[in-house]
Each structure stands twice: as structure tokens, then as C-alpha cells.
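Reminder, nothing fancy here: chain letters follow the sequence lines and each chain counts from 1. Treat the numbers as computed from the prediction; the structure is a model and nothing was measured.
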Number of protein chains: 2
Amino acid sequence: MSASTLTIGQLGNAAGVNVETVRYYEKVGLIQPPPRSASGYRHYPAGVVHRLHFIRRGRELGFTIEEIRALLTLAHHPDEPCAQADLLARQHLAEVEAKIADLTRMRDELSKLAFCDGHAVHDCRLLDALSCHDDHCSVEAVSASPT
Amino acid sequence: MSASTLTIGQLGNAAGVNVETVRYYEKVGLIQPPPRSASGYRHYPAGVVHRLHFIRRGRELGFTIEEIRALLTLAHHPDEPCAQADLLARQHLAEVEAKIADLTRMRDELSKLAFCDGHAVHDCRLLDALSCHDDHCSVEAVSASPT
DNA sequence: GCTTGACCCTGTAGTGACTACAGGGTTCAG
DNA sequence: CTGAACCCTGTAGTCACTACAGGGTCAAGC
Ligand SMILES: [Zn+2]
Ligand SMILES: [Zn+2]
Ligand SMILES: [Zn+2]
Ligand SMILES: [Zn+2]
């Protein structure tokens, strides 16, 4: 193989991305289909590793594939204003903060329930919290089990 | 319709669960298939609403369907010890905390990048952070675009 | 030359917890 | 008796991969 090209395995190794994932990124159009050898093997120009780096870092920050697609396009136009990229970042930050708030609510509730000093199910904090407290409803009322 | 049974729509309304979701819970075995009318309509005994409440609250705490299935089974045995339920809660709490840690890392990085005072793409904090900084790599090196 | 093992290929199906139709049938009030 | 609101089944879509199945290719050592 030519010294200046990489197999898909070498590319994946260099960029820290699974081989299957590289093929997936090709399928969804994040990276270009590379030239193939006579037997059908992909041979990547060395520069592609940087594009994969970019994608991987974007994923580590939680950007979606579509957001990364947009950011890649923006990165190709270095002289244009970056307002669009910053907007994406701020929107994504807002989503991340919303998820944190959601999980924090769960964590606070769970930490009240997970360390239960009841010794039987009918005194369990967790199962009590999940059951509803209508007059005609109790832990035991969650019946009609399918199993 | 009999006064003591509910259609799927009434059940969904009473429990705060989408009709499609109720059918989904039946399919995965969280609720029993109810009796049907001659024309095939589901008619639920009123008590099922409590089981759905339980499921919904479990989902709001982030438990998976399988965890809720286990918790429902535990709730049917009120005289047994609740150690199993508490273990599930603590394991789930640990997962939630791990997710929070992950998202917090993203948030901290994003908040450094999202309010960028650069005015062009080649000075953008976000795009700079995504690009790699090998000697031969820059924001512009993320090329070989498929579009 | 031959074998062996590591690599590569395509295509499909699975993940979780729903959601969104498409394409019908039923019920009930006006 | 008509129309809206409800119900039915079954399938496909979401997201970003991951895991095969069932093959083909390549390079090193014998
Ligand atoms: Zn690079
Ligand atoms: Zn307990
Ligand atoms: Zn109840
Ligand atoms: Zn910027």
C-alpha cells in the first residue's frame, strides 16, 4: 500500500474512532467515500484523520451528527463570521443544561429513596414513592400483573 | 360501556400516559392485555390506572422498562424485604450521577466556547477547540468535504 | 506454494422507549 | 344519517452507533 494513504483500520486507530463508525460516518455523509483499491479496500488520504478528529471532539461535546455537519461546513469558510457556530454552541449548551436539570431532579429524588431503612416492601420508601396514594390505592394495589 | 371499565383513551387520560404508550406497555408486558368488547376495543378495569401511575413515576425517575418490571414484581410481595428494590434504586442513582458528571463536563467546556468574541471562523473558539493542533493541521485542514 | 490470522467488504438487524403514520373500523351525539 | 371523535393493527422512524453473518484479501512464516 502507498505510504501516504491509510486503511480504514489505520484511520480509525489514528483518530480514535471505531472502524464500523468510520463506515457509518461515510454512509451519513460526514466523510467522503475514499478511493478504493482493486479489491475494494478503502484507502484514505492522511488528512482525513483531522476531519475525524473534529467529528470525534464534536461528539465528545455532545453535538449531534447534524450539528457537526453544520460545524464542518462552517469550518470550511474561515473568513466568514462565526456567529452561526456560536449560536449552535449556545443552543447546544442550553440543551445540555436542561438535561442536567432533569437528571439533577432525578438524583435528588432518588437519593431520598435509595437508602431506605424499611425492612419490608410495604414500608419501602422507593415502592411507596412509586405507588399512588388515592384512598383506594396502596403498594399492594399495583396488581393485575401480567406475570 | 360498563361504568366500571375504561377505554384506552380514558385510561391514558387518567394516568397521564399517551394512548400509543399504553399499547406499547401492553406489547412489552408491563400491563396485562385487557378484555375486549365484541368490536375489539380494550376495556380496562379501573385499578389498572394505579399500575400505570406506578410505571409513569418510575419513568420520571429515569428507571428503564426492565427496572420497572422488576419493581412491579417486588411490589406484589409486600411482606418480603425491600433490599432488592433499594439495590435497584442505588444502582440507578449511580447511573444518573455518572450521566450528570458527563454532561457537566460538556457544559463546562461548552460554556468556555459558546461566548466567543472572535468575529471570523478562523478565530472562533468553538471551531478552534474542535480542530486539532498538529503542526500540519488547522481549522482549514478539515477539508475533503463531501458537500 | 500453502496456511494462518489479521484485516477488509456488504448488508442487515438490534439497541430503548417510544412516536407517527397508513389504512381501516366503531360509536355516539346532533 | 352523517360527521367527529375515538378505536384497531401493523409497520417504520427516531439516534448514533454496534454486532453479526457470510464472505473476500493480504502478508508473513514455513
Ligand atoms: Zn488534525
Ligand atoms: Zn426499601
Ligand atoms: Zn393509584
Ligand atoms: Zn466563534
Take the protein atom CG of B:L52 and the nucleotide atom P of C:dA17, then report the distance between them rounded to whole Å.
-> 16 Å
Taken to the nearest 0.5 Å, the spacing of A:E97 CD from B:T104 OG1 works out to 10.0 Å
How far does CG of A:L127 sit from CG of B:L72, to the nearest 0.5 angstrom?
-> 9.0 Å
Euclidean distance, atom CG of residue B:L11 to atom C1' of D:dC7 [Å, nearest integer] = 14 Å
Are there more than 12 heavy atoms of other residues, nucleotides or ligands under 6.0 Å from atom CD of A:E95?
-> yes
Any side-chain heavy atom of A:I65 sitting closer than 4.5 Å to one from A:Y25?
-> yes
Between the main-chain N or O of B:L113 and the side-chain N or O of B:R125, is there a donor-acceptor pair closer than 3.5 Å?
-> no
End axis versus end axis in the helix from C:dG1-D:dC30 to C:dG30-D:dC1, the angle rounded to 10°, five pairs used at each terminus | 20°
Taking a hydrophobic cluster as the set of Ile, Leu, Val, Met, Phe, Trp and Tyr residues connected by side-chain heavy atoms closer than 4.5 Å, whether directly or through intermediates, do B:V28 and B:Y44 fall within one such cluster?
-> yes
Below 3.5 Å is the cut-off: list the nitrogen or oxygen pairs between protein and nucleotides 10-13 of chain C, distance only.
from	atom 1	to	atom 2	distance (Å)
C:dT10	OP1	A:R36	NH1	3.1
C:dT10	OP1	A:R36	NH2	2.9
C:dT10	OP2	A:R42	NH1	3.1
C:dT10	OP2	A:R42	NH2	2.8

Roughly how far, to the nearest 0.5 Å, is CG of A:L11 from CZ of A:R42?
-> 10.5 Å
Between P of C:dC18 and CD of B:E60, the distance in whole Å = 11 Å
Between A:Y41 and A:Y24, who's closer to the 5' end of DNA chain D by nearest nucleotide?
-> A:Y24
State plainly whether the residues B:R56 and B:E60 are in salt-bridge range, i.e. N to O under 4.0 Å.
-> yes
When rounded to whole Å, the CD to P distance for the pair B:Q10 and C:dT27 reads 14 Å
Side-chain N or O of A:T21 closer than 4.0 Å to phosphate OP1/OP2 of D:dT18 = yes
Separation of D:dC26 atom P from A:I8 atom CD1, nearest Å, is 16 Å
When you measure from the side chain of A:I65, which nucleotide among D:dC7, D:dT18, D:dC17 comes out closest?
-> D:dC17
Contact class for A:T64 (heavy atom, under 4.0 Å): base, sugar-phosphate, or nothing?
-> sugar-phosphate
Would you indicate which nucleotide in D:dT18, C:dT19, C:dC18 comes nearest to any side-chain atom of B:R59?
-> C:dC18
Rounded to whole angstrom units, what separation is found between the CD atom of A:E66 and the P atom of D:dT14?
-> 11 Å
Hey, what do you get for CG (B:L93) to CE (A:M106), rounding to the nearest 0.5 Å?
-> 12.0 Å
Inspect the surroundings of CD in A:E26 and state if more than 12 heavy atoms from other residues, nucleotides or ligands are less than 6.0 Å away.
-> yes
What's the NE2-C1' distance between B:H43 and D:dC6, to the nearest Å?
-> 12 Å
Separation of atom OH in B:Y25 from atom C1' in C:dG16, rounded to whole Å = 11 Å
Any donor-acceptor pair under 3.5 Å from A:H50 side chain to A:A15 backbone = no
Atom CD1 of A:I55 and atom CG of A:L71: how far apart are they, to the nearest 0.5 Å?
-> 11.0 Å
Look at the side-chain N and O atoms of B:N18 and state whether any lies under 4.0 Å from the OP1 or OP2 oxygen of C:dC18.
-> no
Contacting residues from residues 89-99 of chain A, given that a heavy atom lies under 4.0 angstrom of DNA chain D = none
For A:F63, answer base if it contacts any base atom (sugar-phosphate contacts may also be present), sugar-phosphate if it contacts only those atoms, and nothing otherwise; contact means non-hydrogen atoms under 4.0 Å.
-> nothing
Between C:dC9 and A:S39, is there an OP1 or OP2 to side-chain N/O distance shorter than 4.0 Å?
-> no
